[in-house]
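Below, read A as the first sequence line, B as the second, and so on, with proteins coming before strands; counting in each chain starts at 1. All heavy atoms count here, side chains included; hydrogens, waters and symmetry mates do not.
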Amino acid sequence: MKYDFSSIEAKWQDRWQQQQTFKTGEESDKPKYYVLDMFPYPSGTGLHVGHLEGYTASDIIARYKRSCGYNVLHPMGWDAFGLPAEQFAIKTGTHPKITTEENIRSFKGTLHAMGFSYDWSREINTTDSGYFKWSQWIFLKLYDRGLAYMSEVDVNWCEELKTVLANEEVDEKIADGYTVVRRPLRQWVLKITAYADRLLADLDELEWPENVKQMQRNWIGRSEGVEIDFELRCHDKKLRVYTTRPDTLFGATYLVISPEHPLAEKLATAQQLVEVKNYIRQAKLKTELERTGLQKEKAGVFTGSYAINPATGDPLPVWISDFVLISYGTGAIMSVPAHDSRDWEFAKQYKLPIIEVIKSPHDVQESVFEDKNSICVNSSNNEISLDGLAFAEAFELMASWLETKSVGTRKVNYKLRDWIFSRQRYWGEPIPIKHYDDGTLRTETNLPLVLPEVEAYHPSSTGESPLANIPHWLYGADEHGKFRRETNTMPQWAGSCWYYLRFIDPENSQQLINPEKERYWMNVDLYIGGAEHAVLHLLYARFWHKVLFDLGVVSTKEPFRKLFNQGMILGEDNEKMSKSRGNVIPADHVLQRYGADALRLYEMFLGPLEQVKPWNTNGIEGISRFLSKVWRLIYPSLEGAPATISSEPISQELLRRMHKTIKKVGEDTENLKFNTAISEMMVFVNELHKAECRNREALETLLLLLSSFAPHITEELWEALGHSRSISLIPFPPYDPELVEDSVITVAVQINGKLRGTFLAPAKSEKEHLLAEAKKVESVVKFLEGKTVVREIVVVDKLVNFAIQ
RNA sequence: GCCGAAGUGGCGGAACUGGUAGACGCCCGGGACUUAAAAUCCCGUGUUCAGCAAUGGACGUACGGGUUCGAUUCCCGUCUUCGGCACCA
C-alpha cells in the first residue's frame with residue numbers, strides 16, 4: 001500500500017477531535033506538566049514555516065510528556081487586539097472583529113492541519129468580553145493599589161495621524177514624511193518600578209536562557225550610588241547630583257545639568273542668559289532620537305554659576321548639556337573627566353580641567369582611564385583620605401563621610417521607567433475608569449466594560465481614541481454625578497500579561513482563576529517563544545504576576561519556570577522572511593506538498609532549536625524519504641496488506657541499536673535536541689531496512705519513539721499492526737541499561753596522538769590485554785619498529801596511545 | 001563603545017566529562033531496475049600528494065600562541081558574524 005499522507009493525516013486529525021484524545025483531565029493523581037506557546041496575533045498574512053517551529057517543538061514535548069505519564073496542559077489562544085486589524089478597519093470600514101475572526105479561522109486551520117495536540121476546549125481570545133473582563137479587573141486592582149496612575153508624559157505625537165507613536169515607530173513615520181513632535185499628554189502609567197527589585201532578584205531562580213536574564217537585568221538597570229548636594233556660590237538653592245562613583249569626588253571639576261532641569265535657567269548669570277535660553281529652546285526641539293542617538297561631539301553651554309565641591313572646597317562651573325537626561329537620577333551630574341569618557345570628551349571640548357584621582361597607567365590629559373580596578377590618588381582633605389584605597393573601600397568611606405556631613409545619601413537607581421499603559425485606539429480593552437465633572441475618578445464596577453460599535457475608526461482630532469466620538473457610550477451619570485468615560489484603551493501587551501492563567505480555568509465567570517486549579521497547574525513548566533519578547537512581554541507578565549501574587553490570586557512568585565527561545569527560520573536566501581523580500585515559505589504550501597508529519601520533522605531536523613537557520617526546500621525531501629522508509633517497513637509492497645510481522649527474536653546488534661535509540665530519543669527530547677533525536681531514529685530505520693527486520697517489538701518501538709514527532713503516520717501504522725487504542729495513549733518504551741552498552745568495542749590505536757589503526761576488543765577489557773592487542777595491530781607495528789616507547793596511555797573502551805621517541 | 005551568543009566539508013549540521021572530527025540529511029557523481037522517465041535501491045563524496053591499483057602519507061574544526069601522551073572541546077590574544085543595549089553618570 002502506498003503512503004498517502006493527506007488522507008491519513010485528515011483521518012487522524014478528525015478522529016482525535018471526535019474522541020477528544022487531547023482533552024486535559026481536570027482531576028488527576030498524575031504529576032502535571034504545563035507546556036505553553038507564546039500565543040499568536042492572528043494576522044491576515046497567515047502562518048509561515050517559521051511560526052510553526054516553536055509550536056512544533058512544544059507539541060512534541062506535550063506528546064512526549066503525556067507518554068511519560070504526565071497530565072499535560074497544552075493550550076492555544078489568540079492575542080487578538082492590535083493595530084493591523086484596526087488599520088484595516090480605518091481603510092475599509094470592516095469591523096476589526098470580523099477581520100480577527102477570519103484570521104483566527106485561517107490560523108486555526110493551519111494549526112489543526114499540523115496535528116498539534118492542543119486542548120481546544122480551552123481556547124481563549126483576548127478580545128472576548130469574558131476574557132478582557134478580567135484584564136480590566138486586574139487593571140482596577142492595580143489602580144486600587146496605586147500602581148496605575150495618570151501622568152503628563154512626553155509622547156511622540158504625530159499631528160497628521162493624530163496619534164501617539166511608539167518609539168519604534170518614530171523613524172519609520174518620519175521617513176514617510178510625517179512630522180513627529182514631543183508633546184506632553186495625560187497618560188495612564190503603571191508603576192512597574194515599584195517592583196524593580198523583585199523583578200531583578202527573582203530572575204536568579206528561573207531556568208531561562210542566560211542572555212534573556214541578562215537583557216532583563218540590563219533593562220531594569222539597577223545601580224548603587226550616592227546623591228550629593230552641591231552648594232551653589234551665588235544661590236541659596238543646592239544642586240543635587242547622582243553618581244555611582246563617589247570615590248572620584250576629588251576629581252570632579254565641573255557639574256552638568258539637563259536643559260529641562262528646573263534650575264537650568266535660574267542658574268544662568270545675566271551675561272550668559274541669552275545663550276542659555278537659546279540652548280534650552282533648541283534642546284526642546286530635538287527629538288529623543290536626535291538627543292540620545294550617536295552624536296559626533298558633545299555640546300553644552302556654561303551657566304556662569306559655580307558650585308562648591310564638598311571634598312575640595314573648589315568652585316566648579318555648572319554647565320548645561322543635553323547629554324544629561326532629566327529622567328534619570330536627579331537630572332544633574334558631577335563630571336570627573338579623568339575617569340569617565342563622556343566627561344573627558346566634554347572637558348576637552350570646553351578646555352575644563354582634568355584631574356587624576358584613580359591611579360592611571362597613562363597621562364589622563366591624553367586619554368581617559370575608566371578602569372575601576374585601581375587605587376585612589378590625590379584624594380584627601382583635612383578630614384578624609386581615600387588615597388591607596390580600592391574602589392569598594394573608597395566608595396564606602398566617601399559615602400559615609402558625605403552622609404555624616406549631611407551632604408549626601410546613598411541611593412539606588414533604576415533605568416526601568418514606569419510603563420505608559422494607554423493607547424489612543426479603538427481596538428483594545430477599554431480602561432474602566434469614569435471621570436467626573438468635579439475632577440474625581442471612579443472605577444467602573446460593572447465589568448466587562450465593552451467597546452461600543454463605531455461608524456469610523458479614525459482617532460478623534462483631540463488626540464483621543466475613536467471612543468471619544470461616541471457620545472452615548474462616552475457620557476453617563478450615576479449617584480456620584482455626571483461622568484465621562486476614559487477613552488484610552490490598553491496596549492496590546494495587556495491581554496498577554498496573564499493569559500497563561502486563564503487557560504487553567506477558561507470558563508470561570510466568577511473568578512479570574514479558581515485557586516485550587518491554580519495551585520495544581522502553576523507554574524508554566526516550559527514556555528516556548530521567540531527571543532523578540534525577551535524583555536517587554538516577559539517583563540510585563542512577570543510584573544502583573546507579582547501583583548497577582550501580592551493579591552493572593554496566584555501562589556507562585558514567577559509565572560514561567562523554564563523559558564526556551566526558538567531561533568528564527570530564515571528564507572532560502574538566508575534573509576529574514578518577509579513579504580517584501582518575497583522569500584516567505586507559507587506553511588499551507590508545504591503542508592499540501594509534503595504533509596504535516598514531514599513538515600513537523602523537518603522543522604526540527606533543520607538544526608538546534610535555539611539556533612537561527614535558513615530554510616531549504618530540498619532538505620525536506622530527505623525527511624519525506626525517511627517517512628516512506630518507515631512506511632515500507634510495515635507495507636513493503638505497493639499493493640496489499642501489511643507485511644507478516646514476526647515475533648522471532650532479532651539480532652543482538654539490532655536489539656542493542658534499538659535500546660540505544662530509545663535512550664537517545666528520550667534524552668534528546670527532554671533536552672529539546674530534536675535534530676539529533678531524529679537523526680538517531682534515521683540510523684535505526686536504516687538498520688531495520690538493511691536487516692529486513694519484521695520483528696514486532698522493534699517496529700512497534702520505532703513507532704512509539706516517532707509518534708511525538710510524526711503523530712499521523714505512526715497512528716496509522718500502529719493501527720495496521722492490529723492495535724485499536726491510539727498510539728498517543730501508549731507509554732514511552734523503557735530501555736535496558738545493559739543493552740545500550742556495546743559488548744564489543746572498536747579501540748583506537750594512536751602513535752603520539754595520531755590514529756594509526758583500530759582493533760576490536762570485548763567491552764571493559766583489562767588494560768594489559770588492550771596494550772598487548774594494540775601492539776599486534778599491523779598498521780601500528782611498522783610505526784613502533786625501532787622506536788622507543790616513552791609512555792603508554794590506555795583508556796578502557798576508548799583507545800591506546802603510544803608516545804614514542 | 002558595552003553586554004550576550006557563535007565561527008567545523010559544496011550546504012544544514014553531529015561529536016558524552018579532553019580520547020577514532022565530519023553522525024544524520026541535502027546537493028553532486030557512478031551504478032542497478034525500466035523501452036524511457038519518475039519512484040526505489042546500492043556505491044562514492046573534507047583538502048591534497050604518491051601510485052595502474054589495492055593502498056599509503058601529509059594537512060584539516062575562523063586566525064596566532066599555550067597546557068596535554070592527546071584539544072572542535074581547556075587557557076591567553078586577534079579577527080569575523082549575529083542578537084541586544086546605546087550618553088542611565
Side-chain angles (χ1 to χ4, degrees), chain A residues 2 209-219 221-223 225 241-245 248 252 255-256 291-295 298 321-325 327-336 339-343 345-346 370 413-417 531-532 534-535 565 567-568 574 601-602 605-608 610-623 625-626 628-629 632 638 664 667 673 675-686 689-690 746-758 779 782 789-795 797-804:
Chain A
K2 203 175 164 290
E210 206 40 58
N211 65 321
V212 176
K213 290 206 234 180
Q214 200 53 45
M215 276 162 70
Q216 293 216 347
R217 286 189 194 109
N218 293 342
W219 191 264
R222 184 192 145 98
S223 72
V241 308
Y242 174 71
T243 180
T244 54
R245 297 296 305 272
T248 61
L255 303 185
V256 189
R291 280 185 51 170
T292 59
L294 291 166
Q295 273 189 0
K298 301 215 180 315
S321 176
D322 64 6
F323 81 85
V324 177
L325 307 173
S327 51
Y328 184 79
T330 62
I333 61 162
M334 66 177 214
S335 284
V336 184
H339 307 293
D340 181 286
S341 58
R342 298 158 300 184
D343 297 345
E345 258 178 70
F346 196 80
E370 292 186 291
N413 258 322
Y414 300 92
K415 284 204 263 182
L416 184 69
R417 299 296 147 77
E532 66 274 20
V535 178
N565 293 131
M568 207 191 316
N574 243 303
L601 275 171
Y602 188 55
F605 187 65
L606 225 40
E610 68 278 10
Q611 202 165 296
V612 176
K613 48 216 173 275
W615 180 264
N616 175 4
T617 297
N618 276 332
I620 199 170
E621 297 281 352
I623 290 290
R625 272 172 225 157
F626 168 67
S628 311
K629 262 183 178 174
R632 287 199 312 273
L638 281 177
K664 177 95 172 133
E667 288 173 355
K673 292 165 115 181
N675 55 330
T676 47
I678 294 167
S679 104
E680 187 72 9
M681 288 189 275
M682 287 174 165
V683 172
F684 185 37
V685 166
N686 288 345
H689 259 285
K690 224 172 264 173
T746 305
V747 180
V749 187
Q750 300 180 334
I751 309 282
N752 290 340
K754 274 187 187 163
L755 183 70
R756 295 302 181 189
T758 59
S779 54
K782 62 181 185 197
V789 176
V790 200
R791 202 169 154 189
E792 294 163 334
I793 293 105
V794 183
V795 183
D797 290 350
K798 284 280 184 222
L799 56 72
V800 177
N801 188 11
F802 296 106
I804 62 172

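Close to B/A6, at under 4.0 Å from its OP1 or OP2, lies no side-chain N or O of A/Gln611. Residue A/Asn686 places at least one side-chain N or O under 4.0 Å from the OP1 or OP2 atom of B/G25. Dashed line: the shortest gap from a side-chain N or O of A/Lys690 to OP1 or OP2 of B/C42 is not under 4.0 Å. A close approach under 4.0 Å does occur between a side-chain nitrogen or oxygen of A/Asn675 and OP1 or OP2 of B/A14. Within the structure, every side-chain polar atom (N or O) of A/Thr676 is placed at least 4.0 Å from both OP1 and OP2 of B/C24.
Under the 6.0 Å cut-off for aromatic ring centres, A/Phe346 and A/Phe323 qualify, their centroids lying closer than that.
Across all non-hydrogen atoms, the minimal contact from A/Gln216 to A/Ala534 is NE2-O, 2.9 Å.
Using a 4.0 Å heavy-atom criterion, one finds that A/Gln214 contacts the sugar-phosphate atoms exclusively. Within 4.0 Å of A/Pro608, counting heavy atoms only, lie sugar-phosphate atoms of the nucleic acid but no base atom. If you check every strand for non-hydrogen atoms under 4.0 Å, A/Arg217 touches nothing.
Side-chain atoms of A/Asn618 stay outside donor-acceptor range of the base of B/C26, with no qualifying N/O pair under 3.5 Å.
The distance from atom CD of A/Glu680 to atom C1' of B/C16 is 13 Å, rounded to the nearest whole Å. Straight-line distance from the OH atom of A/Tyr328 to the P atom of B/A86: 14 Å, rounded to whole Å.
Anti is the glycosidic conformation of B/G51, whose angle departs from 0 by more than 90°.
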